[in-house]
Structure formats: C-alpha cells, structure tokens
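The structure under discussion appears below in the form of structure tokens.
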4 protein chains.
Amino acid sequence: MKRVVVKMRKSATKLEVAQALRLMECRNLEARFVNHPDGCMVVAEGEVRDLSWLEDLAGVEEVVETKSAFPLASLDVRTTPTTVSLAPGVWIGGGEVAVIAGPCAVEDRDQILTTAESVKASGAKALRGGAYKPRTNPYSFQGLGSEGISLLEEARSLTGLPIVTEVMAPEDVEWLLPHVDVFQVGSRNMQNFSLLKTLGRVDKPVLLKRGMMATIDEWLQAAEYVLAGGNSNVILCERGIRCFEKRTRNVLDLSAVPLIKSLSHLPIVVDPSHGTGCRNLVPSMSLAAIAAGADGLIVEVHPNPEKALSDGDQSLTLSEFALLMEAVRQLASVLPGRAKEEVLCSSASVA
Amino acid sequence: MKRVVVKMRKSATKLEVAQALRLMECRNLEARFVNHPDGCMVVAEGEVRDLSWLEDLAGVEEVVETKSAFPLASLDVRTTPTTVSLAPGVWIGGGEVAVIAGPCAVEDRDQILTTAESVKASGAKALRGGAYKPRTNPYSFQGLGSEGISLLEEARSLTGLPIVTEVMAPEDVEWLLPHVDVFQVGSRNMQNFSLLKTLGRVDKPVLLKRGMMATIDEWLQAAEYVLAGGNSNVILCERGIRCFEKRTRNVLDLSAVPLIKSLSHLPIVVDPSHGTGCRNLVPSMSLAAIAAGADGLIVEVHPNPEKALSDGDQSLTLSEFALLMEAVRQLASVLPGRAKEEVLCSSASVA
Amino acid sequence: MKRVVVKMRKSATKLEVAQALRLMECRNLEARFVNHPDGCMVVAEGEVRDLSWLEDLAGVEEVVETKSAFPLASLDVRTTPTTVSLAPGVWIGGGEVAVIAGPCAVEDRDQILTTAESVKASGAKALRGGAYKPRTNPYSFQGLGSEGISLLEEARSLTGLPIVTEVMAPEDVEWLLPHVDVFQVGSRNMQNFSLLKTLGRVDKPVLLKRGMMATIDEWLQAAEYVLAGGNSNVILCERGIRCFEKRTRNVLDLSAVPLIKSLSHLPIVVDPSHGTGCRNLVPSMSLAAIAAGADGLIVEVHPNPEKALSDGDQSLTLSEFALLMEAVRQLASVLPGRAKEEVLCSSASVA
Amino acid sequence: MKRVVVKMRKSATKLEVAQALRLMECRNLEARFVNHPDGCMVVAEGEVRDLSWLEDLAGVEEVVETKSAFPLASLDVRTTPTTVSLAPGVWIGGGEVAVIAGPCAVEDRDQILTTAESVKASGAKALRGGAYKPRTNPYSFQGLGSEGISLLEEARSLTGLPIVTEVMAPEDVEWLLPHVDVFQVGSRNMQNFSLLKTLGRVDKPVLLKRGMMATIDEWLQAAEYVLAGGNSNVILCERGIRCFEKRTRNVLDLSAVPLIKSLSHLPIVVDPSHGTGCRNLVPSMSLAAIAAGADGLIVEVHPNPEKALSDGDQSLTLSEFALLMEAVRQLASVLPGRAKEEVLCSSASVA
C-alpha cells in the first residue's frame, strides 16, 4: 500500500489532468484531485510496485511518495511555510507575528465597534467575534446570529480589520461566504467532517482550532480534509487541551507550536484566552507562545469583561490588550527568524 | 436568576399554552416551549422573586424550580426511568438488558445480512452498522453512504431487527428519517449543536454517544439540546474516554452508568468495543457494564474481523457474540431490579 | 539484547546456583538471582546469540526467553494464576472473590473494633485500616502511627481477620513486619522504588495499588521490583486513574482487570471507594468489578462516615456493607470460573 | 476552623517561642513550629473565634490569618520572591535566569567532566547528573550510586559548578548531605511524604519536580511539607504532565509558571527535556519558558546523546546547548522585570 502525490505542471491542460486521473484509477489507485495553490495535484493510494509510469504521464511534473497521513499538510509536498492572506496587506505566516483580537461574542453595536477601534489602534491585524456560539448548555446565550454578522461588517468598514468568526454548520457556509474574511472552526467541531468538507470547497481562509481532545496527528488530518477539498488556506490554532488541572480551563500545549513547524508548512497561532481561562495568565502565555515560534495570537478582548455574556474571566480589557501588544512587539523584535522591522507593522499602513 | 419548568395540563389548549408563554416573556423570563412526552412544558429562566403567579395561569399543572443545567434530562422533572421504543416490541430502558450488535461499517450485502441473521439468532434486539463513517483520515474508507442504508433496510426486512446508524450532518437527517430506526450521534459529534438541534425536531430515537473527552455534565447538556427541541427519545451511550493508557483505545468509564442513573431518567447503554479497542476485553467489560446497571450494550460484530475495513481489532466474531449473549443472559437473570423472566426475551417472539 | 529467565531445578544445590550465576556474568550477561516460589530463578540480560549452553549448566531445569518487561510477573514464566495467602485459610486469587474492608484510617479503639466485628460478620476476609496516612496536606491528620497498629492487632485478635495496612517508607518495613499481615503500597508510592525493593526482601504479601497516573505496563514493572527481590506475594489493586471528569474522584479503569489477567498471573482486586470517591457509586462498581473478573475488592467502611477523619464521602456504613456483601455473594455464584459453593465462605469456618 | 501563621520577632527568646507554642496548644490549637528564614513562625489550626490574644503574646510580631492550604509557600506569609542560594554567588530566583545543565545520568568520568566543563563555558550556573536513577524497569541501569556522587564532586572541583542530583529515599539524605549542593526530588516522588519530611530537616536546597499527574495545589502542598519542616529553600520545577498526546513524552504546562508566581513566593524553573522528550523541541520550549517568566531552566545535555544510557532522545549535544544559551541570553535581556545587565552573568566571575 503506497500513498503518492502527483504534482501536475502549471501548464498541464484539463485533459491531461483528467487522463492522469483515469489512468491511475485503471491501475487500481484510489485517486483524488486537489486544486492546490502550488498547482493541480492528485493524491493517490493503492497496491503498486513501480511508480515510474506515473512520472511519464503527460502533464506530470513530479511524483512524491509519502508515508504521511496528511500529505498535503506535510513538508513532503511543500517545504516552504504557507502564508495565508486574510485581506489585502494582512497575512498570517512567514515570519511576522499577527494578532487577532476581539470579544468572545458580538453582544451589541457599541461593544463591537469600540473593541474594533481600540484593538486596531493597539496593533491587531484582524477582529474576532462570535455571532454563532457553540454553547454547552442549550439555554445559554447562543449569539446574535445574522445580526452579529452585520455588526462585524460594520466594524470592518470602520477599521479596515478583516473579520474572523465561527461557523458551526455546513449549511451556514454558503450564506456566510460573502460576509466573513476567515471561517473559524471551533474546538468541538474539529472533527465535524461534514463541515470540514464544505469548507474545503470555498476560497476563504479557515482557522482550525485544535480539538480539546485531539492529538497533533488528528488535528493535521482534520486540516487535510480542508486541503484535500482544494482549500489550502488553513491556519492552525492551539487553544489548550483538556486535562486534570483545575486552576486553568485547559492546558495550553505550546509544544504544539514547534511540533507543527516540524511536521507541516501550515501557519499556527495560539489562543491564550481559552488556553488558560484566566485573564491574568494571558500576557505571560502570549509571550511564551511567540517565543515558542507561533505565527500569531488570537486573544479575547472586551471593553467591560465583568459584564461579558461569555468568557469574561478570560478576556483582557482594552488597555490590558494595549499593554500586551507593546510587550509582544518588543519580544518579536529580538526573536531569530522574525523580520524585525516589519513585525506587527503591516496593518499600520491601513490607518 | 431562576430556572423553572412549567408543566401544562394534558387538557391545556393551544391558546392556554401560547398565553402562558407570552406572559412569561412579558415578565422578562426567557421561555422555551417543549413538546414533552409527559405533556407540553415550558422551560423558563430569569430574574423573578415570586413564582406563584405561574401556578395560577390557565392550563398550568405544576411549576418545578430546578438548579439543574439539564432540567428535562434530570430527575427533577421526571422521576421514573424513560423507556425508549426502537420498534414495536423492542425498547431500551425499564429493567431489561437490550443488546444492539453489528459491524462497525456496512461493507457489502453478504457481510451485513450474515451478521444480521446471526446476531438476531443470538438474541440481539437491534442491528448497528455505519453507512456514513466519521474517519480521522480523509483518505480512509468513508462508508457506503446511501447504498449502505439500503443494505441495512434489506437486513431489517430479513430479520425484523430495527436499525441503528450514525448520522454525521444536519442536512442528512431529513432524508434518512424514513429509512432508519435510531439515529446514532458519534463521539466526535456529541457537541455538534447544529446536529443535536435538528435531531430535536424528529420523532425517531437518538443514541447519543459520550464525547471522548466529555464530562458527564456536558453529555447530559448535549442530551438536553435534543430534549429541548421536543424529542425525548434519547439513549445515552458510554463508549470510553480518552486517557494516557496505551494498551486500550479508550478507558471505559463504567461509573458513568450509576452516575447517570442518579442524575437522569434517560436510559444508558455501554459500548465495550470502542471502550476498549480490544476484542478479548469485550466480554468481561460487557458483563461489568450490565453488573453496573446498564440498560444494554452496543457491540461490534463482524463475520470476519481480520478483513474488516474498520475496527477489526475490536469486533467479535459471530460465534464469540453468541457466547457473550449466553453469559449476558445468565448474569442479567440474577441482578436485582431486572425482571428475570423477561430479560432479553422480547425479540424471541419476533422469530 | 536478549532477556532470559533461567529456572533452576528444585534439587539444585546452592553451589550449582552460584556457579550458574558466575558463568552467566562471565559471558557478559547481567544476571540477577530470584528466590521464586516456583524455585530459584536467574533473570539475565545481554548480547548473546546462542543460549543452549545455559540449558546444559548443572542444576538448570529450563531456559525461558522473554520479551516481557516484567518477566516474573508475566505469563511467560508462570502460566497458572498465583494465589496469595493472607493468613491460614484466607487467600486472594484462584477463582474466589475475597473482600477486604475497613476504615480509611484507624481513628480510635471503638471505631476499629466495631468495624472489624461487623465486616467479619458480613463476610469480609481481611481488615483494612491506615495507621500511617499519606496526606496531600502536611497539616492534615496523618494517622495514629504505632498506636494505630496496636489497635489493628487488637481487632485481629478479636475477629481473626488478617490486617492490611499501608507502609509509606522503607525504614518502617522492618518494625512493621511482625505486626501486619499485608503491606499496602499506596497509589502515590507505586514508583517509590526504594520502598518496593525493601518489600522484595520480606515474606509478607504486598498489596500494590496502581498509581493514579500509571499505565498497566508501569504498574506491572513496579510489581516486578518486588518479585525480583524474591517476594512473589503481590496482589495488584486497581483504584482509579486521574482524569478530567469532576463528578468522581478518579476514573475506575475496570478494563485493567481482564488486561492484567491476559498479561500476568498475579491476582487483582479493585478499590471502588477511591475509584469513585462517592459512596452511592460503590455498590454498582463493586458488582461491575467482580463481573469483570476481579479476585476481590477492598472497600472503605466506617461506623459513622459523616464523622470520619478522612474519606467519609466514599465510605459505606456497616449496614450498607452488609447489603453489598449479599449482592456480591449472589453475583459471584453465577459467574463462570468461580467455584460457586466456596465463594466467600472460607472465612465462615473461622467463626 | 481557622488557620493562622504566628510570626515571632527576630528578638524573641527561645522561652517566648516555647511559651507561645504551649499557650496555643492549651487553647486547642494544633500548633507547629517552623524555623523560617524570615524568623521563627508557628502554624496553628483550630476552632477559635478571637485571635487578638495571640498578638498580645510575648515575642509575637504578627498574626496572619490564611485560607491557603500551603500558608508558608503562599504569598500570605511572604510577599517578596524567595531567592535560593545554590553556592556562593549562585542563586535561583530574583529576576535572573539561571540554567542548570548536565546529563540525565552520570555514566563515567570522561562523560561528566567533559559535560561539566562545556556547560560551564556556555554559561550554566549548576551541574545536574543522576547517580541514583528512578527507573520504571527493575532491570534497567539504576545509576552509578556513590561512585556517581564522587564523579559529580570531581566535576564541581574542576568547574566550580554546584551539583544538583536526585535523592530517592529518606535513608540516603543523611549521607548525601555533605556531598551535594541541591537535592532533586523526582516527579515520581513528589508525594513521597517520608522523603519530603526528611528534606524539611536539612539546610540544603530542594528542587521539587511536579508530579506527572499532580495539580498545582498538590505540588504546592508537597513544597509545604518541606517548608513546614523548617527548610525554606525550595525550588519548584515544572517538567510536564501526562496526557493523551503521543508525539511528546509529556505536555509541558507552562501556564504553571505564571500560576505559581500568582500563588507563591517560591522560584520556579522549567525542564524542557522531560517536558517534551524530544531534543528538537527543547530550544523553542526553553525560550517559551523564559518568556512565561520562569526563573531558570534545567536541561539535559550529553556529549554523545546517541550513546546515552538514558534519555538520549531528549538530550542536547554540547554545541546545541551552547547555541541555546546564546538565545536564552538574548531573550532574557529584553524581558520586563529582568535585570538585564546581570542576566546569566553571575557565574562568569567564577571562571
């Protein structure tokens, strides 16, 4: 049983791709076409001894054999780090530190606009905010829904910040598509395969949170679902795993950062808010995440955390966030491999 | 902040129910109507001191104050154990031990029909089999889909066994509804709230597996999503939680059985196959589950486990299952609170 | 690198054993002499190709090659289940169900004598009670110490029940030796290797609790420390592992019971008191443990749990324990492989 | 039930301390004398309403009421960070970053001397090396014992580095006392209360590793055992907790660093070697630990990791360690609250 990735030439015609696919299927390889940003690819599996005939097919550039369970996400297929663009001039990956900030849930117009303006001024590159909230209890506040999306769009108009928001069901993807900049997949949905497949068919970035119970390998295979569908704009997000410790909401597994870097070309950001559940631990863990090599952070910020409808305990105030951003900038400037002068500055030009 | 469940009289008119709802909302109670099998109910929450006016509303039978996060699933609202009917003459709960058996995945016609006939002969009450499989890897066998459903229906025609099969996405519920007897929600989807809400609106039973990293309280709140939607036919299924031990796939948490019994009226079955991941541990853990008070088992059985496309290591052969059923019958006959003569016999009359 | 167990003949002289040891060391095998109940043995490891010369040594009966990390505890070296004698006529292992009962800690004369008489009357085979308590907090009650040991001895005189008590430090083993019948090693000390080595040199049984964080393999290797020292009277005790669930103190991993049976000849008992931390879960989990194949139980019982100095929440009252013993007897009588007529009756003749 | 810490004046006479103790006991307070570095203290517990009489006792400076389960380790009793001296001019805590480095186990003279000289040159402040090794398997290399201690002393003579080595049993403490500079308590012994009590009576620092399944509160209570014995030179060490992830040996819980800082005055170092089990993750996690606020690191270094008798996979080479130290220095220089010019330089003057 072998797994191969057949990379097609950029110049390959549709016919050549279709013929390659058919020939592989004829030889009992289970083949799957992927519209990868590096060019068309076919991921194939099966019982074959000799693979040289594949290299001879018209339009084929290279045949990569792989043992990886997540070939498209692995370094076997792409060796350079992926940079995901959130909006013109705003991207994640590639040496800079990007910070996404905002409230857990969009609660009202004033809350989201105030937060957006403030986090923008402090240096955030994108605005987070939930309109559809996955809540453990059916009677808890479930988010403002489409009204929340409209408020996020208003905040984007005001500040220029792209918006990151959670999508919970495959049937919501289509209508949300024109409104959001990044689809967030929450921890509880990391293995909602129906949702992942749907997001594989869109062209907007996906921020894929690690399941609270997921191993690194399961997480990368979840990402592979999106990549295999043809959407290679996946940003991984470590947000803590479940453990026995009771003082923190989760255990933030920062070793995931260098591990992901050693296994995959995908960028990874860290969520110290859910990762700890405690506001006073967020700054230290944010700095630790960046020192560990994270491509960015996603941080919960609220103008008045005591009155937040959800996650108040783990949200920073606007001024706490401003202080954090200063420390982040200072730290990022001395870390090896970070383009010092550019760090955190790309959104400045938007103002 | 108080939570109350307002039980309406069976004789209450639609108008009375609507008026009660409206009055609660006028007094700033967040109220939610539930079409409960014990009669219509309204679950309401809010800041009120005095609740006596609720009791005086037309059509109201009783007002139950509760601190439970899952009032409809709790013993506060219903004190007698719920019995869920799978098919005429086949039910789960109420003192008997019911066994659901079958392969992990429907693989072909011969496999599912052979298994169905054999487990029926051994005393199983229902047939399990996956047509849509949630697979960690996107390139793994994903199930036969609608073809698998047809084969399950053929097996039902042949044996009379109701069929239990997994549903993975809300958009599949509607078309599956006329074909399946029990909707299974898998461990990875326990907090797929969109799916749970959809299943709350159908009238077929839901077998809700515990998430591999879910607490008992999170599990019961997931059940509450289905109940709050109006579908009270929920069967809980303990299937092991994730842990550090490497010899077993999961740790089967049998204390969940008496715990659930002390917190809820819902029936609970145990899945020793996923709970251990090892065929040779299945019989002991099946007996242990029943001794702990489980209402039944769901067991993976395959005519040829070595050739199974998934979960072969944890599947019993047909003859191992027959032996297990004998031991289960013998054990169930001596346990307190089990109606000895009836145990496991209800399906006998179908033959 | 090979690991072998060299079994010496019962008739082998001391000289033959010494010569065998020396020759193995000459050939660069790291050899370790063990005074095993089945006869003298030498466990040896090293880089050798041919082992036939070992079989030709004077006094050697058999050479067993093994890949097990715990050869003496494994089924490679001993295929029949080990029965451990606690006192004349009282043993654990071998098909019967033996129950050890008593308070968490010995608190005063009245408490321990009352408990001992009552659990004896209900059918317990041994009395548990802590005189030296491992407490998380340095300011908590640490046990009565030597005074507690004297009270346990008085209880033994009164009832004939052998006593099981915890030893926490290697330096206590020697003075405790004439006073106790079974040394209990607590969960926190499962890998206190200094303690395990000391207990390997005594001839009293050791009840080795599984560490709250220990895998099955680590646990069996801890047992191997005792066996390799020459003491083969080890009883394993599953008492729950630490997990994320908050409703129970630990997760009682009953799959450990059939797993241990498939890997080792040592007997295993289950502690449902620490395993759950909740009195009302103890009866169900006791029955489940026995159905899973456990050789016995160790249960916390207190005349007045509300006033217990430790573990009151998980202790049964005297009458609850009497009811549990009835259910245990009934269950054990129908399980396969249990000698029905003898179950739980061996202590009856003492009365 | 109240818990108080009675601080005595520095000028208090022995008689005054003895009288205070006696009076507390007379009033049914359970009182315990502690020879604390801030002066003598009495920790007392009991049922009293009014505590003003305590303040009036001769020699009493202050009475602190506390709800903490670890009063001496808490910020209630001491608000300034504790600095622990390892040797003249070498300390842990107080704003600098101190790095302890060396092999898992002392293997031979050449290995330990080479390592000591090299890590000294790279800027390490202390040398680690195990002579008594806690090994899961009884047949594994158990360390060189007293010979290893002699080799460590030779390395100290050569380099001036104080030595940190593990002690596994209370009976070893006395003879090791004149030979070692810091007693390390391993993860498996974190709740070996007999060992902790013995170490409470010596005047050398104790490096207390977190148990692999210990909560923060259990860990601080283990430290309290040492403090309550009169030894306040405790250094905490986070070394990873056990979890389900299989790619790493443990999950390094860096949130422990800011959590400990918010709960205790004791210094905390981080062990990224055991915390990850993978050499290539050690540098990133070292930097992350320091960014999180750790007072130092303890890192495994070996001249030839491939040939190491234990933990080779997680040991850095000498040159990898040198590179790490450069990065550590650079990072520490920009972090807030670090005395930049002094960072990592205290040992330079020894050369």
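Every chain is numbered from 1 and lettered A, B, ... according to where its sequence line falls, protein lines coming before strand lines. Note that the structure is a prediction, hence the values are computed from the model and not measured.
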- Shortest non-hydrogen separation from D/Cys243 to A/Cys243 and the atoms involved: SG-SG, 4.2 Å

- Does D/Arg210 have any salt bridge (charged side-chain N to carboxylate O under 4.0 Å, His left out) partners at least two apart in sequence or in another chain, and if so, which? A/Glu245, D/Glu238, D/Asp253

- Note on the structure: Residues of residues 215-224 of chain D with a heavy atom under 4.5 Å from any heavy atom of chain A, in residue-number order, are D/Thr215, D/Ile216, D/Asp217

- Output the residues of residues 254-266 of chain D for which the shortest heavy-atom distance to chain A is under 4.5 Å, in residue-number order; output 'none' if no such residue exists. D/Leu254, D/Ser255, D/Pro258, D/Leu259, D/Ser262, D/Leu263

- Message: My understanding is that only residues two or more places apart in sequence, or in another chain, count here; which of them pass side chain to side chain donor-acceptor pair (under 3.5 Å) with A/Gln191?
- Response: B/Arg188

